[in-house]
Student: 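Take this structure first; my questions come after.
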Amino acid sequence: MSAAKTTALTGLPRKLVQDKAITEKTAHEALMKAIEEKITFNHYLISNHIVSAAVIAMASSEEFGLPVFDLSSMDPEHAEITLVNEKLISKHHAVPLYKRGNRLFVAISNPTNMQALDEFKFNTGMSTEAVLVQEDQLDELIQKAITAMDDDMDDMLLDDDLENLDIEGGEEEDDSNAPTQNEANDAPVVKYVNKILVDAINKGASDIHFEPYEKRYRIRYRVDGILAEVASPPINIAAKLTARVKVMSRMDIAERRVPQDGRIKLKLSKKRSIDFRVNSCPTLFGEKIVLRILDASSAKLGIDALGYEPEQKEKYMDALANPYGMILVTGPTGSGKTVSLYTGLNILNVPETNISTAEDPVEINLEGINQVNVNAKVGLTFAEALRAFLRQDPDIVMVGEIRDLETAEIAIKAAQTGHLVLSTLHTNDAPQTLTRLMNMGVPPFNIATAVSLIIAQRLGRRLCKKCKAVDAIPAEVMLEEGFTQEDLDEGFTLYKPVGCSQCSDGYKGRVGIYQVMTISEEMTRLIMTGANSIDLADQANKEGIDDLRRSALKKIKQGIIGLEEANRITKD
């Protein structure tokens, strides 16, 4: 049997086994899984942290006789990305690097990707040659290439264009405040606010805060979960800034005594637009305005980009494949619950399914999904929206949040009668979610029969790959932090943030930290007996389910986050 397997392996899988980078069994399993998930063998190994991109590149180089090119030594702006379109780059996971006469050198991470070379040759009329690069470096270059190709978004930062961005607000309102609107539409104010919005998008911010105080005015961005001040305009233009944002979001600019909600759509190019959810709140020295940046592309990243461990991803995918049951995502505000839910909905969004969502408000707009904005003022609550959905032949229902017993009961009834229900709750971990439902008044029997999966999550800041440094911490301290002696015996490198021109204080981007808990038979029995969250957590631990702390420690071992960040997001 072993001999048969050895002869079956060819190319890169065989080379990695020969180099002892992976075992023969792992190679066969990875090949099968890659086929199942419709991804390349290389991508499966890298995304599941089985083999590093550098090791795969060197093995591919030796196996196929191609030199490896280090993309980090090249300025992305010098790549010949304009020779082909964005669709071709994304389809083949390849980028034109440079040309010599009539020869085009194409960066690829998979040497067997001959179709890419053929299509690039057909589209450019040039002869093509492969240049082997690391997959992680190629991913970064492709992202930069697509951003650069998005109708020259950087041109928007020119002063002449900042006044003329294509902006749409929410619902129309009474336009009876001409003097205030004229102030708000002053060219310098328009230009300044537009620049604040565009800069926030470019920096990857999730929120923008406009904050008036007695003697100063400040503007802050929340980047990777942390607020930082970016501007302090003169206090005498505070009213104009507030009026401008309210005009853009179609709020009543004459009303300054009560909070208001609005929405802005900023069209960056023909292909890309960003939505902002806007809220104003009266404070002691004026109205504070907060804009939440809603980028629909975040829901289309794919489940591999969210940071699930392989076994956690498998549990989530299995639950999504069920025709009925309830999937609950829990965590504090800003922990990425919406993106997790919408990533699942994106997987389920096919012509054969009827998907309806009730949200307060709708944050991400996805074509093919029927989305409803909850409006308590007119009686359209979560419960009422759910009742309407169940009369519209649904397959999948998403409820933005289960806030009360009425909503919980209808959602559970839907899960029990052949519908897949996705929703969120605000609890600290997965076991506490079950006791929260009991405390709401949901009978244990209904919880046990309806809930199929609970995901608790946090977002941790990723260490910058360019500047992270080795962190030397004594073994006894690491044991106190939760690592086991087995972890230390296996050996791993601990990293800490440093900071460089490519990141923010040593961090760049965020990754999910998850506790993914399926409801087993033993867990069901505990729920039926009214067990508390401690009992349920003990059972989850017996079943080998990683809690949030253990999941964070795994991310530390993988070099993705640092110990300081793990402690920040998973405090005991």
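Just the heavy atoms: all of them, side chains too, but no hydrogens, waters or symmetry mates, feed the values below.
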Student: For the pair Phe483 and Phe492, name the ring-plane relationship: parallel under 30°, tilted 30 to 60°, perpendicular over 60°.
Tutor: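 Tilted.
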Student: Any side-chain to backbone donor/acceptor pair from Arg549 onto Glu481? Under 3.5 Å, distance only.
Tutor: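 The answer is yes, because a donor-acceptor pair under 3.5 Å joins these two groups.
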Student: Identify, with sequence neighbours excluded, every residue that meets side chain to side chain contact (heavy atoms under 4.5 Å, CB included) alongside Asp471.
Tutor: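 Here the qualifying residues are Ile473, Leu494, Lys496.
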Student: So which atom in Ser280 and which in Ile289 form the shortest heavy-atom distance, rounded to 0.1 Å?
Tutor: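 Looking at all heavy atoms of both residues, the closest pair is CB-CG1, 4.0 Å.
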Student: Is the backbone N or O of Leu345 less than 3.5 Å from a side-chain atom of Asn349, with the two atoms forming a donor-acceptor pair by type?
Tutor: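 Between the backbone of Leu345 and the side chain of Asn349 there is no qualifying donor-acceptor contact (under 3.5 Å).
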Student: Taking atom types as modelled and ignoring hydrogens, do the side chains of Ser551 and Gln312 form a donor-acceptor contact shorter than 3.5 angstrom?
Tutor: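 A donor-acceptor contact under 3.5 Å links the two side chains.
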Student: Do any N or O atoms from the side chain of Glu565 and from the backbone of Arg461 form a donor-acceptor pair under 3.5 angstrom?
Tutor: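 Checked: pair present.
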Student: Taking only residues two or more places apart in sequence, or in another chain, which ones meet Glu409 in a salt bridge (Lys or Arg N to Asp or Glu O under 4.0 Å)?
Tutor: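 If we apply the salt bridge (Lys or Arg N to Asp or Glu O under 4.0 Å) test to Glu409, skipping adjacent residues, there are no hits.
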Student: Sequence neighbours excluded, which residues qualify as side chain to side chain contact (heavy atoms under 4.5 Å, CB included) partners of Ile412?
Tutor: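 Only Met326, Gln416, Val442, Asn446, Ala450 meet the side chain to side chain contact (heavy atoms under 4.5 Å, CB included) criterion with Ile412.
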Student: Within a radius of less than 6.0 Å around OH of Tyr324, do more than 12 heavy atoms belonging to other residues, nucleotides or ligands occur?
Tutor: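 Counting neighbours around OH of Tyr324, 12 or fewer heavy atoms of other residues, nucleotides or ligands fall under 6.0 Å, so no.
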Student: Could you pull out all residues at least two apart from Glu384 that satisfy salt bridge (Lys or Arg N to Asp or Glu O under 4.0 Å)?
Tutor: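 Result, salt bridge (Lys or Arg N to Asp or Glu O under 4.0 Å) vs Glu384: Arg387.
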Student: Between Thr330 and Leu425, is there a donor-acceptor pair closer than 3.5 Å when you use the side chain of the first and the backbone of the second?
Tutor: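 The answer is yes, because a donor-acceptor pair under 3.5 Å joins these two groups.
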Student: For Ser335, is there any backbone N or O sitting under 3.5 Å from a side-chain donor or acceptor partner on Gln457?
Tutor: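 At least one qualifying donor-acceptor pair exists.
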Student: Please identify each residue that fulfils side chain to side chain contact (heavy atoms under 4.5 Å, CB included) with Arg403, with sequence neighbours left out.
Tutor: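 Arg403 satisfies side chain to side chain contact (heavy atoms under 4.5 Å, CB included) with Asp360, Phe382, Glu401 only.
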Student: So which heavy atom on Gly441 is nearest to which on Leu405, and how close?
Tutor: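 Taking every non-hydrogen atom into account, C-CD1, 3.6 Å.
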Student: With Asp318, which residues qualify under side chain to side chain contact (heavy atoms under 4.5 Å, CB included), at least two apart?
Tutor: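 Residues passing side chain to side chain contact (heavy atoms under 4.5 Å, CB included) with Asp318: Glu314.
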